[in-house]
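First up is the structure itself, then whatever we jot down about it.
By convention here, the first residue in the shown sequence is residue 1.
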Amino acid sequence: MKRIWHIPLLAAICWYVVASSLLLSYSPAVVFQPREEAPPPARETGGAFISGTSAGDAETLNWILAADSASFSYAGHTVDFLVTYDNEWRVQLRTAARDVEVSESGLVYTVTIRDDLVWSDGSKVTAEDYVYTLRNLMLSDWLNYPYKSDWQEEVGGEIAFITPEVVDETTFTITRQTVDPEFIYTVRNLIPYPKYIAVNYEGDIEAFTQAPEFNNLTYTGNLGPYKFGEWLRNDKFVVERNPDYYLGKDTGAPYFEQYIVKLFGTSATVHAALEAGDITYTGIDPDKVSKFKNMEGINVYTVPTTGYLFLAYNLRDNGWEGLKIREVRQALSLAVSKELIIEQVLYGFGEPAYSFIPKVSPWYVEEGVVRYGVEPLLDEEEARELLVNAGYDEPIELTLVTNAGNEQREDIGYLVKEQLSAIGIEVELKFVPWATLLRKYLMNKTPGTDEEPRYNNGPEAVSEEPWDLMVMGFNTNPLSPSGQDVFYSTSGGLNFFGYSSTQVDELLKRIKSEEALDEEARWELYTELSQLVSEEQPVDFLVFQLANVGFQDNVKGIEPGINMGYNYHLWYFE
C-alpha cells in the first residue's frame with residue numbers, strides 16, 4: 001500500500017472510500033480529472049483541533065527513513081504532495097502547478113511545480129530539490145530508503161532505477177525504460193528535501209538520521225498548512241498554523257491555530273475523551289457507534305475503507321497439504337459466511353469481499369466474479385462434497401492463528417472454527433502476540449540454509465511455526481490495485497502464505513505494461529484478474545470494513561468519503 005500523508009484521520013483509517021454506489025457508474029477514463037471550483041470564502045481562525053487515537057506513536061519525523069503510517073501522517077502536516085485526490089478520485093493540485101504529464105510513449109513523466117514555494121530560509125523550492133531528493137537520497141545505496149523499489153524497474157532481467165532530470169527551475173522529468181501505466185500514482189506522491197541542507201549530511205547515514213532540521217521539521221517553509229510545534233513521545237504531537245501556507249493566500253487557510261494528535265492507551269479512554277469534549281475527533285469502534293450516534297454534540301460518519309480482512313491458507317510445506325488444492329480452498333470458502341462476520345463481528349459495518357479490489361475502485365467489476373461465502377455459494381453440503389471428491393472424507397484438524405488482543409480477528413477465528421466444524425474440520429485456535437506472529441508465522445526461510453527470514457523466501461521456504469489458517473488484514477490502493485502483486489504474485493515480497501499462479505503473475509505483469517496504457521485494455525485485464533482470483537481463492541477474501549468516525553458537531557467543512565481529509569486545511573470551527 002502507498003503511503004498517505006497529512007490526512008488527520010490516518011491513525012484510525014488508512015484510506016477512505018465513498019459510498020460504493022457512487023463509483024459503480026464511473027468509467028476509468030473520466031475518474032482522474034482535476035476538479036475546478038471557486039475557492040471557499042475566508043474564515044476566522046482559532047482553536048485547536050485535537051485528534052485522539054489509541055494507535056501507536058510515530059517512529060520519526062525524518063520521513064524518508066520511516067516505514068510506519070504515523071510518521072508519514074505527522075510529517076505530512078508540514079509538507080504537501082504534488083497532488084492529492086478528492087472523494088471521487090479527482091486530482092487536487094497541491095505543490096504541482098498542473099497535473100503530472102505523461103508522454104505518448106508512457107516513458108517520460110514531466111512535473112511542473114508551483115513557483116511560489118519556499119523553504120524556511122526564504123529560498124525558493126526548485127525542481128533541483130525534487131531531483132536531488134530522488135537521485136541522491138531515495139535512490140542512493142547509503143540511505144536505504146524503505147520504498148526504493150517503487151522507483152525501480154526490471155530491464156533485461158536486471159533491476160534499474162528511473163532517471164530524474166532538471167529541465168528548468170520549476171520543471172523536471174522522470175524517465176523510465178519500461179512502461180508502467182500506474183507509475184503516475186507514485187510520481188504524484190513526491191515531496192522534496194531541501195538540497196542546501198541535505199548535502200551537508202549526504203553519505204553519512206548516522207548524521208542524516210540525527211539531522212536536527214529533518215527531525216524537527218524546521219525546513220518546511222510554506223509547503224504545508226502547519227508548522228512543527230512540539231512532539232512529546234507517546235503523549236501528543238502538535239503543529240501550529242502556518243500563516244504563509246501557499247494554498248491559504250486567498251482564503252487565510254488553515255483555520256485551526258493548532259492541530260494536535262493526542263495519544264491514549266485504549267480505545268475506551270479515547271472514546272471517553274470524545275464524549276467529554278476533550279478531543280475533537282476520533283475513530284469509533286463498531287460496538288460504540290449506536291451510542292455516539294444518539295449523543296448530542298457529536299456527528300458520526302460511516303464510510304467504507306479499503307482495508308479488507310481475509311482468511312489466509314498456508315500453501316507452504318508446513319501447512320495442511322489439502323490447501324494446495326483449489327477445490328479444497330473453495331470448500332472452506334463455501335462454509336464461511338461473510339454476512340455472519342459482518343453481522344456478528346463488525347456490527348453491520350462491512351461489505352463482502354470477493355477479491356482485493358473494492359467497489360470504490362474504478363477497476364472494480366462484478367461480472368463473472370465468484371461470490372463464495374454468500375448465498376447461493378454458502379453451502380455446507382457442497383463444501384463437504386468438494387472435500388470428499390478431493391479425497392478428504394476423514395476428520396480434518398487444522399490450526400488457525402491470529403494476533404492476540406485484536407478482538408475482531410479473534411472473534412472471526414471463533415466464528416470460522418464453528419462454521420468449519422459443520423463440514424468435518426476441527427480448528428485449534430492460537431492467539432499470539434503481533435511480534436511473534438510476524439517473526440514465527442509470517443516470516444519464512446528454506447530449511448537447511450543460512451538465509452535471513454523474510455516474508456517470502458521462495459516456494460521451498462517455511463515459517464518457523466507450522467499453521468494452516470490465519471485471520472489477517474491488508475489494505476489495497478483503489479487507483480492501482482495491481483500493487484497487490486506484493487501479496488499475490490509468486491515472487492511478491494509479502495506473499496507469506498506461498499500462493500503461486502502463473503496466470504495471476506502474468507495478468508499482474510500485463511497490467512504494468514505498455515498494453516495497459518489503453519484504459520479499455522487495462523479494464524479487461526482487471527476484469528480477468530478479478531474473476532481469476534475469486535475462483536482460485538488464494539485466500540478467503542472475507543470483508544471490506546466500514547469505518548466510523550466521530551467529530552464534535554462544531555467542526556464544519558468536512559466532506560465524508562474515501563479521502564475525507566483531503567481538504568482538512570479548510571475545516572473550521574463554527
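In this structure, a donor-acceptor pair under 3.5 Å is present between the side chains of Gln545 and Gln408. With 3.5 Å as the limit, one finds no donor-acceptor pair spanning the side chains of Thr186 and Asp150.
Side-chain atoms of Ser355 never come within 3.5 Å of backbone atoms of Val533 as a donor-acceptor pair (strictly under, hydrogens ignored). For Ser513 (side chain) and Arg510 (main-chain N/O), a donor-acceptor pair under 3.5 Å exists by modelled atom type. A donor-acceptor contact shorter than 3.5 Å links the side chain of Glu153 to the backbone of Gln177. Between the side chain of Trp89 and the main chain of Val360, a donor-acceptor pair closer than 3.5 Å is present.
With respect to the salt-bridge test (charged N to carboxylate O, under 4.0 angstrom), the residues Lys430 and Asp468 do not qualify.
Enclosure of atom NZ in Lys148 by more than 12 non-hydrogen atoms of other residues, nucleotides or ligands within 6.0 angstrom is indicated. Residue-environment remark: CD (Glu418) stays at or below the threshold of 12 foreign heavy atoms within 6.0 Å. Enclosure of atom CD in Glu451 by more than 12 non-hydrogen atoms of other residues, nucleotides or ligands within 6.0 angstrom is indicated. The local environment of CD in Glu514 is sparse, with at most 12 non-hydrogen atoms from other residues, nucleotides or ligands closer than 6.0 Å. Heavy atoms from other residues, nucleotides or ligands lying under 6.0 Å from CD of Glu452 number 12 at most.
By the side-chain hydrogen bond (donor to acceptor under 3.5 Å, both in side chains) test, Glu327 pairs with no residue at all, sequence neighbours left out. Remark: Asp505 engages Ser489, Thr490 in a side-chain contact (heavy atoms from CB on, under 4.5 Å) (not counting sequence neighbours).
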